[in-house]
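All values below come from the heavy atoms of this structure, side chains included, with hydrogens, waters and symmetry mates left out. Sequence positions, counted from 1, serve as the residue numbers for this chain. Keep in mind it's a predicted model, so treat the numbers as computed, not measured.
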Amino acid sequence: MANPKKRVPENAPGDFFVDSTCINCDTCRQIAPQVFCEAESTSFVKAQPSAADRRVALRALLSCPTGSIGDLGDDDVKAVMLDFPLAVEEPVYYCGYNSPKSYGGNSYFVRHPDGNWLIDSPKFIAPLVKRLEELGGVAHVFLTHRDDVADADRFADHFHARRIIHRKELTSQPNAEVVLDGDGPWELAPGFLAISTPGHTQGHCVLLFRDRFLFAGDHLDWDRDERHLAAMERYCWHSWPEQVESVSRLADYRFEWVLPGHSQTVHLPEAEMRDQIRRLTKKMRAS
Ligand code: SF4
């Protein structure tokens, strides 16, 4: 729980505040950019939420991995817990409850008649688990790479789900039920294609759903200010040249949505998304 005595000085006066335990993961700024802003190495409340914005500010509070956001008002936080998972576009949802184990990484949920999917892992926390039970549970847990597994083992145990991960990431989930070998791609189920994208880590994979949604893990992100797809060399742990080539190969696929592990979800027309991939590849090759 956030401590009002540790409020960072940049906060605008009022009920909502960020305290000094913030790890600057960006989650609150993705969810409620009208309320939260970045200072050097922390988020802060740039403007207290209007009555209409209090609910999104509370969603950010609930999704903060480190409990660094406080609210001194009398808002009904329990009611907002029911918002998660939050629809992106049916049948795809953002889970919320980002985990500190994945440095506040985003995770996603897909409802499917043959069994629901979790992509990377949020916190294993009772209100979310209950909502996922109500939505039919989880049959598959797709893990893009070792950094974002968080509580995947607990979700797999609870829902008797199968975890899917590349062999080169297996040290993070040694008991995973499905292990991907080689270079793929792998059709995991009709409409679900795993694509090998080494670079950020050696066995990193992304998941393409229905040629529309690309669950990108830490392979890609969206630069909110410049409004373009990006990849971060300073967060590339394995091989930048391999990451460049992995990004370039994504131009062979069709998708309109990029749902990253960190940063903003983005939706663009398919042709524009392909242009974004080509422009990013060119920029990465020149770097
Ligand atoms: S979600 Fe929490 S940890 Fe992440 S930037 Fe916001 S206040 Fe900081």
Side-chain angles (χ1 to χ4, degrees), residues 24-38 43 53 55-65 83-99 102-112 116-123 128 131-132 135 142-145 147-148 150 191-193 195 197 200 204-232 235 247 250 253-277 279-280:
N24 200 22
C25 73
D26 192 54
T27 300
C28 57
R29 304 191 295 266
Q30 295 160 35
I31 296 175
Q34 65 276 53
V35 177
F36 299 96
C37 187
E38 184 178 12
S43 278
D53 285 338
R55 195 168 190 105
V56 285
L58 289 167
R59 288 176 187 160
L61 180 153
L62 289 169
S63 297
C64 174
D83 289 0
F84 295 108
L86 196 62
V88 174
E89 180 189 276
E90 287 290 349
V92 172
Y93 298 73
Y94 159 61
C95 292
Y97 298 104
N98 294 26
S99 171
S102 58
Y103 204 79
N106 298 321
S107 58
Y108 303 94
F109 177 72
V110 178
R111 289 184 83 181
H112 195 278
N116 298 331
W117 290 66
L118 196 60
I119 294 95
D120 290 329
S121 169
K123 285 179 192 162
L128 179 63
R131 285 289 300 132
L132 297 183
L135 293 167
F142 181 82
L143 298 166
T144 55
H145 69 299
D147 298 342
D148 290 355
F192 292 87
L193 187 73
I195 302 166
T197 48
H200 173 75
H204 192 291
C205 293
V206 298
L207 183 67
L208 179 61
F209 173 51
R210 288 184 180 162
D211 291 334
R212 183 168 176 80
F213 301 93
L214 187 79
F215 298 99
D218 288 3
H219 187 51
L220 292 174
D221 56 80
W222 178 251
D223 185 321
R224 217 170 15 242
D225 299 326
E226 303 292 331
R227 297 197 52 74
H228 59 60
L229 285 177
M232 299 269 200
Y235 297 126
V247 168
L250 289 179
Y253 296 93
R254 295 163 45 208
F255 52 93
E256 293 183 15
W257 286 89
V258 169
L259 302 106
H262 301 272
S263 87
Q264 208 82 29
T265 292
V266 59
H267 182 205
L268 295 171
E270 184 188 313
E272 199 176 326
M273 195 61 94
R274 185 167 287 120
D275 277 354
Q276 286 272 350
I277 291 288
R279 262 184 273 149
L280 175 58

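- Remark: aromatic rings of Phe192 and His112 are close, center separation under 6.0 Å.
- Rounding to the nearest 0.5 Å places CD of Gln30 at 7.5 Å from SG of Cys25.
- Atom CG of Leu259 and atom OG of Ser107 lie 11.0 Å apart (nearest 0.5 Å).
- Of all heavy-atom pairs between Phe209 and Pro91, the closest is CE2-CG, 4.0 Å.
- When every heavy atom of Leu128 is checked against every heavy atom of Cys95, the shortest pair comes out as CD1-O, 3.8 Å.
- One finds the CG atom of Asn106 at 7.5 Å from the OG atom of Ser263 (value rounded to the nearest 0.5 Å).
- The shortest heavy-atom contact between Gly96 and Pro122 is O-CB, 3.5 Å.
- Counting heavy atoms from C-beta outward, Glu270 and Asp211 have side chains that stay 4.5 Å or more apart.
- Contact annotation: the side chain of Phe255 approaches that of Leu208 to within less than 4.5 Å [non-hydrogen atoms, C-beta and beyond].
- Applying the salt bridge (charged side-chain N to carboxylate O under 4.0 Å, His left out) rule to pairs touching residues 212-228 yields Asp26-Arg224, Glu89-Arg212, Arg212-Glu256, sequence neighbours excluded.
- For Arg279, the side chain to side chain contact (heavy atoms under 4.5 Å, CB included) partners are Asp275, Gln276, not counting sequence neighbours.
- Contact record, Ser43 with Cys28: OG-SG, 3.4 Å, taken as the closest heavy-atom pair.
- With hydrogens and angles ignored, the 3.5 Å screen pairs no side-chain donor or acceptor of Asp53 with any backbone N or O of Val35.
- Residue Leu118 holds its CG atom at 12.0 Å from OH of Tyr108, rounded to the nearest 0.5 Å.
- With a 4.5 Å cut-off on side-chain heavy atoms, His228 and Val266 do not count as touching.
- Checking each of Leu220, Leu214, Val258 against Ile277 for a side-chain contact (heavy atoms from CB on, under 4.5 Å) leaves exactly one that passes, namely Leu220.
- Side-chain contact check for Cys64 versus Thr27: every heavy-atom pair is 4.5 Å or farther apart.
- At least one side-chain heavy atom of Arg111 sits under 4.5 Å from a side-chain heavy atom of Tyr93.
- Side-chain contact between Ile31 and Ser63 is present, with heavy atoms from C-beta onward closer than 4.5 Å.
- By the ring-ring contact (aromatic ring centres under 6.0 Å, His included) test, His219 is found to be paired with His204, residues two or more places apart in sequence or in another chain being considered.
- Contact annotation: the side chain of Thr197 never approaches that of Thr144 to less than 4.5 Å [non-hydrogen atoms, C-beta and beyond].
- Atoms CG and CG, from Leu280 and Leu250 in turn, are 9.5 Å apart once rounded to the nearest 0.5 Å.
- At a threshold of 4.5 Å between non-hydrogen side-chain atoms, the residues Tyr253 and Leu193 count as touching.
- Not less than 6.0 angstrom separates the ring centroid of Phe215 from the ring centroid of Phe142.
- Ring geometry, Trp257 versus His267: the interplanar angle falls under 30°, so the pair is classed parallel (tilted spans 30 to 60°).
- Taking CG of Leu132 as the reference point, atom CG of Asn116 lies at 8.5 Å (rounded to 0.5 Å).
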